[in-house]
Structure formats: C-alpha cells, structure tokens
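In this text, all values refer to a predicted model and were calculated from it rather than measured experimentally. Order of listing sets the numbers, starting from 1, for every ligand and every atom in it.
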Amino acid sequence: MFETIEWTSAGVVRLLDQRRLPAEEVYVECRDAAAVAQAIRSMQIRGAPAIGVAGAMGLALAAQSIGARSFEEFYAELSRHGEALRRTRPTAVNLAWGIERMQRCAQQHKTLPIAELVQALIREAQQIREEDIRDNRAIGAYGQGLIPDGAAVLTHCNAGALATAGYGTALGVIRAAHAAGTRLSVWAGETRPFLQGARLTAWELQQDGIPVTLITDNMAGHLMQRGEIDLVIVGADRIARNGDVANKIGTYTLAVLAQAHGLPFYVAAPLSTLDLSLRDGEAIPIEERDPKEVTDWAGVRTAPVGVRARNPVFDVTPYRYITALITDRGIVRPPYDAGLAALAGPAVAL
Ligand code: MRU
C-alpha cells in the first residue's frame with residue numbers, strides 16, 4: 001500500500017507524486033516550505049484533506065529552519081510561510097485549516113524554548129495526518145450502511161486515500177462497505193481536465209480489488225437513464241453553513257442529474273472541510289487554473305491555436321441537491337445548518 005504523505009525520520013516530507021500516476025509510483029521529498037507549496041500548486045499532492053496535511057507539514061519544515069531569537073520573531077516568520085502556503089490553492093478550506101491549527105499550536109507553546117517549540121510543531125503536523133486517517137475510517141463506518149447490497153455507485157474526481165492522508169472520504173465509504181461484505185461496483189467519472197478519476201480513482205480501486213468501470217464525464221446521464229447507477233457519492237473541498245458544497249468541477253452537474261433520476265447524492269467529508277464562517281456557497285473562492293489544461297492533453301495541443309478556454313476547477317452544489325452529508329461525527333441530513341452546527345460543537349466559531 002502507498003503512503004500519500006508522511007514525515008520521515010530524516011525530518012523531510014515525502015509524498016507520492018500524483019502527476020505521474022498511474023504510469024509510475026514515484027515519491028518526492030520536500031525539504032522546505034517552498035517545495036511543499038510548489039508540490040501543492042502543481043498538484044503533485046492534491047485533494048482537500050491531503051493538502052491540509054501538506055500545509056501543516058510545510059509549516060513544520062519552515063519551523064525547523066527559522067533561526068529566530070524570540071517567539072515573536074519566530075511566529076512572524078512562521079505566519080509568513082503560512083500565508084505563502086495558503087495562497088497556493090484557494091478552494092479547499094482544509095489547507096487554511098491545517099495552517100491555522102499549526103499557528104494555534106505555536107501560540108499554545110509560546111513559552112517553550114524555540115527548539116522545543118519546533119518539536120511540538122512537528123508532532124502537531126504528524127498528529128493532523130493521523131487524525132485525518134482516523135476521521136476517514138469513521139466516515140467509512142458511518143457511511144457504509146448507505147450503500148445497498150449490489151449497488152452501482154458513481155463517484156467523481158478522486159476522494160480516496162490519495163486525496164487524504166489515507167483511506168479516503170467517498171472512497172472510504174466504498175472501501176468500508178466492500179470490507180463489510182456489501183457487493184458493489186463503482187463507476188469512476190474520468191474528471192476532465194486533470195483526469196483524477198481516470199488516473200487516480202481507477203488505479204486506487206484496482207489496487208484494492210474493488211470492481212471499477214471508467215466512463216467519461218458526459219456518460220453519467222445516459223447510464224442513470226438506463227438504471228445503471230444507483231447512487232452517487234463524492235468528496236468535498238468546502239462545505240458552507242447551509243450545506244452548500246464546493247467540489248471538483250462537474251459535481252454540480254451530477255447532483256442535478258441524480259435528482260432528476262431520483263437517485264441519492266451523498267457527500268463524504270471530515271469536519272475540517274466545514275467552513276461555518278460562510279452562510280452559503282456563494283462566497284466560496286473557485287480556483288481557475290491554466291487554460292492549457294483544457295486546450296492540451298498530455299502535453300499535446302488538441303484545441304485550435306488561439307481559441308479562448310476557461311478552466312474553473314471547482315463548482316458549488318446547492319444543499320437542496322444533497323441527500324446527506326457523511327462526516328466523521330455522523331450522518332447529517334437536512335436541514336444542514338442546524339445539523340452541522342450541532343455536530344461541529346462549540347469549538348468551531350459560527
Ligand atoms: O483539484 P483536486 O484534485 O485537488 O480536487 C479534489 C476534489 O475535488 C476532491 O473531490 C475533494 O478534495 C475531496 S478529497 C477527499
């Protein structure tokens with residue numbers, strides 16, 4: 001089994017290069033925060049919870065190299081690195097969440113000598129990784145009962161072990177159901193333009209021996225119409241207070257299609273994906289990437305030279321299309337605002 005991201009005993013961050021999957025299983029080592037930022041930006045590591053862990057580990061790397069004399073100096077430098085990491089990708093709130101948690105940890109240990117403070121930050125980053133795996137297993141345990149025996153499940157993008165510290169959110173639910181003996185098969189949407197479904201989800205499920213069939217994104221409606229899809233389950237990059245969900249571009253289309261065909265549409269995500277500061281999904285920043293990802297395929301230009309192209313890489317699915325949210329603290333059904341606030345508890349500011 002692969003490791004998506006880990007802190008090694010040599011004090012470096014090792015991550016599986018997801019740009020090269022499935023052709024090659026290559027690990028890269030990041031020795032400073034700038035290298036982690038570049039890995040996130042270039043999508044060597046991607047997926048909301050995984051970049052949350054990467055951001056935290058990036059700050060742990062930064063902490064190791066800050067030669068400060070006082071806590072104030074140390075914290076100012078740490079925050080500067082945090083800001084640079086946070087700017088790499090705007091949509092997934094987990095990245096900001098991971099960075100803020102590291103900053104809080106630094107504040108809590110401000111009276112320690114700097115060397116001990118650095119060790120506390122390294123431990124915190126490792127803890128964030130371990131908690132993510134634990135939370136995904138909880139999501140799987142809560143969600144697996146939603147998949148009936150014999151179900152054909154459509155998923156989008158990659159919300160698996162590769163998108164998290166391990167096990168996965170949407171794929172975690174599928175994994176847990178499969179492990180519990182539920183017979184199921186998965187339709188993986190290829191997820192244009194970056195092909196997370198074709199390259200990553202298909203690969204991950206194959207590794208686990210879970211039956212998977214790849215389709216292009218525009219085939220979903222046809223298969224639903226023919227009764228070949230029983231439910232949809234996806235991950236999330238940010239969930240607003242009312243239950244609106246930002247996720248990989250194309251998710252909204254699938255949610256509308258699912259509702260038109262009377263199919264359940266589930267979103268699986270840990271609480272670190274909740275953004276209770278946002279009333280609804282309208283204010284969620286949507287990342288736009290290089291249009292080259294649309295005009296080119298595998299480095300080869302497929303569109304005419306000079307044509308305009310757009311590349312928004314996430315969309316927002318309004319809460320009314322979502323049957324239930326599967327979180328690490330349980331399943332939430334509408335009305336989401338009350339359910340999410342109760343689940344998040346007093347620790348998360350409203
Ligand atoms: O652009 P990506 O590959 O980082 O987008 C990933 C997704 O949209 C996932 O569905 C989401 O982060 C949830 S991953 C558990």
Side-chain angles (χ1 to χ4, degrees), residues 4-5 15-19 21 39-55 88-98 129 131-133 135-140 143 154-175 188-205 217 232-239 245-255 265-275 281 284-290 293-294 311-317 322 325-328:
T4 304
I5 180 166
L15 50 92
L16 180 55
D17 187 345
Q18 299 192 27
R19 295 187 62 113
L21 286 172
I40 296 172
R41 200 178 296 112
S42 69
M43 293 176 64
Q44 284 178 310
I45 185 157
R46 33 65 52 200
I51 64 174
V53 175
T88 53
R89 297 197 73 194
T91 303
V93 76
N94 308 61
L95 179 56
W97 173 89
R129 176 182 176 277
E131 283 175 19
D132 185 57
I133 299 172
D135 291 349
N136 293 334
R137 288 194 171 272
I139 290 170
L154 172 66
T155 190
H156 189 57
C157 192
N158 171 268
L162 288 166
T164 61
Y167 202 69
T169 57
L171 294 195
V173 173
I174 288 168
R175 272 199 172 97
E190 72 170 347
T191 318
R192 277 275 292 157
F194 209 72
L195 303 185
Q196 290 94 331
R199 296 188 303 104
L200 308 176
T201 295
W203 181 78
E204 215 186 294
L205 292 176
D217 302 320
V232 184
I233 178 161
V234 297
D237 286 83
R238 197 186 288 236
I239 303 175
V245 167
N247 191 49
K248 179 53 52 194
I249 192 80
T251 302
Y252 171 47
T253 316
L254 293 179
F265 186 92
Y266 299 115
V267 175
L271 289 191
S272 53
T273 306
L274 268 190
D275 185 351
I284 297 177
I286 301 294
E287 178 185 4
E288 289 242 3
R289 293 180 67 85
D290 192 338
E293 291 177 357
V294 175
N311 190 16
V313 300
F314 297 97
D315 60 26
V316 175
T317 299
I322 299 166
L325 301 171
I326 310 163
T327 79
D328 50 296

(request) Identify the heavy atoms of R46 and N158 that sit nearest to each other, and give their distance. (result) NH2-O, 2.8 Å
(message) Restricting to non-hydrogen atoms, name the atom on V245 and the atom on L325 that form the minimum distance, rounded to 0.1 Å.
(response) CG2-CD2, 4.1 Å
(request) Work out which heavy atom in D290 is nearest to a heavy atom in N311; give both atom names and the distance. (result) O-ND2, 3.0 Å
(request) Enumerate the residue pairs fulfilling salt bridge (Lys or Arg N to Asp or Glu O under 4.0 Å) with a member in residues 190-204, sequence neighbours excluded, ordered by first and then second residue. (result) R175-E204
(message) Between S272 and N94, is there a side-chain donor-acceptor contact under 3.5 Å, judged purely by atom types and distance?
(response) yes
(message) Quick test of your reading of the model: are R129 and E131 salt-bridged, counting only N-O distances below 4.0 Å?
(response) no
For each nitrogen or oxygen atom of ligand 1, which protein N/O atoms lie closer than 3.5 Å, and how far apart are they, rounded to 0.1 Å?
| from | atom 1 | to | atom 2 | distance (Å) |
| --- | --- | --- | --- | --- |
| ligand 1 | 1 (O) | R89 | NH1 | 3.4 |
| ligand 1 | 1 (O) | R89 | NH2 | 2.8 |
| ligand 1 | 1 (O) | K248 | NZ | 2.8 |
| ligand 1 | 3 (O) | R46 | NE | 2.8 |
| ligand 1 | 3 (O) | R46 | NH2 | 3.2 |
| ligand 1 | 3 (O) | Q196 | NE2 | 2.8 |
| ligand 1 | 4 (O) | G47 | N | 2.9 |
| ligand 1 | 4 (O) | R89 | NH1 | 2.8 |
| ligand 1 | 8 (O) | D237 | OD1 | 2.8 |
| ligand 1 | 8 (O) | N247 | OD1 | 3.2 |
| ligand 1 | 8 (O) | K248 | N | 3.2 |
| ligand 1 | 10 (O) | N247 | OD1 | 2.7 |
| ligand 1 | 12 (O) | A48 | N | 2.8 |
| ligand 1 | 12 (O) | D237 | OD1 | 3.2 |
| ligand 1 | 12 (O) | D237 | OD2 | 3.0 |

